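Step one of this worksheet: look at the structure below.
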Amino acid sequence: MNFSNYLIQWYLANKRDLPWRNTKNSYNIWLSEIILQQTKVNQGLPYYYRFIQKFPTIFDLAKASEDDVLKLWQGLGYYSRARNLHFSAKFIVNEYNGEFPITYKELIKLKGVGDYTASAIASICNNEKTAVVDGNVYRLLARYFGINTAINSSKGIKEFKLLAQNLINSKTPGTFNQAVMEFGATVCTPKKPLCNTCILKDSCVALSNNEVVKLPVKVKKNKIKKRYFNYLVFKTTANKTILEKRISGIWRNLYQFPLIETNKEIDENQLVNHPEFLIKCNSETITIKLFNNRIKPHKLSHQHIYAKFWIIKTNDSNKISYSWKTIKKYPVPLLIDKFINEYSNF
DNA sequence: AATCCGGGGGA
DNA sequence: TCCCCAGGATT
């Protein structure tokens, strides 16, 4: 027996009894697939019952107001699903006389229906050999075949789709699709998969390599945050300045010049009118000059810092207590250290 | 290619 | 409380 036949056999014996599995009505299948996008069966089940009860046919759904549809969807999240569901119902009634499309080619055109949903409906309702690749499929295939390609990369999306397409059983593609997903949802789960009793454990690459927890691989999209720092570099006639210790966040306990952080880049006029500037700067300011006209972002793994160093010449005061000669003794971020060196050489 | 869109569940 | 889950639309 091969992978596909094992899964189908397992599915026929172990599948959960779910309402949409007792019908091939494409309206019902479509409704269930939209509800189950990013949604676990237990969460979506009551919504499916309510929708089928209130809107037994696509004509009932098309006749409803968007408010009514959204009200029934309330609490399920991702509300564009409900708006697209309603839009597509009206579209099918108006354009197809209420006859629900069942071919992949037609389904993919519907709002709210992508490759996954079109493949699911076409395979179940039209016996088309269109493999579904949802989160469950990614996980099961990555583990069973030991595939390290990131599932959220364009390379991975193509690779897994192709693999699933090569594995799909041509006699019962719909059953194969549901079998893979059901297996992933109940046996090859994201956390604590049931490897001990798994019917595929003898041939699972990830299990034999002890890398089940590592798969599937996903590239984490660490979004780079942009921050805008304005450092106030005081310089008195006696050659003194101010350093402050950072108390939280990045560079905690390192020293820096007094800092004003803003949402975007600001100019001198915006700086001197900034409320924090009025607090941090005394009235004895003589001149303000921007040291670095060209801002090179300081890049950290998760943020890019656009720092401006404002040279503020002022008279001596009690707050100004760091001699320029001694500031190099203090631990500072590389960004500050570079500035000090450049400024000293200037 | 990156970002947004909810809510459930587990650590 | 934080992290993971992940299909489709949008830009």
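Lettering follows sequence order; numbering is per chain, from 1. No experiment lies behind these values; they were computed from the predicted model shown.
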Nearest-angstrom distance from the residue atom CZ of Arg81(A) to C1' of dG6(B): 8 Å

Separation of atom CG in Leu36(A) from atom C1' in dG7(C), rounded to whole Å: 12 Å

Verdict with supporting geometry, Gln43(A) and Lys40(A), side chain to side chain donor-acceptor pair (under 3.5 Å): CA-CA 5 Å; Gln43(A) 192 195 356; Lys40(A) 288 189 167 63; over 6 Å; no

Enclosure of Asn2(A) CG (heavy-atom neighbours >12, cutoff 6.0 Å): yes

hydrophobic_cluster_shared for Ile92(A) and Ile124(A), side chain cutoff 4.5 Å: yes

Who pairs with dG6(B) - Watson-Crick or G-U, where each distance is under 3.5 Å: none

Whole-angstrom distance between dA11(B) and dA6(C), as gauged at atom P: 16 Å

Lys218(A) NZ - dA2(B) P separation (whole Å): 14 Å

Atom-pair distance (CG on Leu140(A); P on dC5(C)), nearest Å: 16 Å

Euclidean distance, atom CG of residue Asn152(A) to atom P of dC4(B) [Å, nearest integer]: 16 Å

Sugar-phosphate only, base, or nothing, as touched by Tyr116(A) at under 4.0 Å among non-hydrogen atoms: sugar-phosphate

Arg139(A) side-chain N/O to dC5(C) phosphate OP1/OP2 under 4.0 Å: no

Any Thr117(A) side-chain N or O less than 4.0 Å from OP1/OP2 of dG7(C): no

Gap in Å between the two C1' atoms, one belonging to dG7(C) and one to dG10(B), rounded: 23 Å

Qualifying residue, where the test is side chain to side chain donor-acceptor pair (under 3.5 Å) with Tyr116(A) and the options are Lys161(A), Glu33(A), Gln37(A): Glu33(A)

Sugar-phosphate, base or nothing in reach of Lys192(A), heavy atoms under 4.0 Å: sugar-phosphate

Rounded interatomic separation in angstrom, taking CD1 from Ile35(A) and P from dA6(C): 19 Å

P atoms of dG9(B) and dG8(C), separation to the nearest Å: 23 Å

Given dC5(C), dG8(C), dC5(B), the nucleotide with the shortest approach to the side chain of Tyr78(A): dC5(B)

Touch class at under 4.0 angstrom, heavy-atom based, for Asp134(A) against every strand present: sugar-phosphate

Interatomic distance where CZ belongs to Arg83(A) and P belongs to dT10(C) [whole Å]: 10 Å

Sugar-phosphate, base or nothing in reach of Lys111(A), heavy atoms under 4.0 Å: sugar-phosphate

Touch class at under 4.0 angstrom, heavy-atom based, for Gln43(A) against every strand present: sugar-phosphate

Phosphate-side-chain proximity, Tyr138(A) and dG7(C), N/O vs OP1/OP2 below 4.0 Å: no

Value in whole Å for how far the C1' atom of dG7(C) lies from CZ of Phe160(A): 17 Å

Residue-phosphate contact under 4.0 Å: Thr39(A) side-chain N/O, dG7(B) OP1/OP2: no

Row check, Tyr78(A) ring normal vs Arg81(A) NZ/CZ: under 6.0 Å, within 45°: no

Pairwise 5' ranking along DNA chain B for Lys40(A) and Gln37(A), keeping only the more 5' one: Gln37(A)

Glu128(A) and Asn126(A) side chains, donor-acceptor separation under 3.5 Å: yes

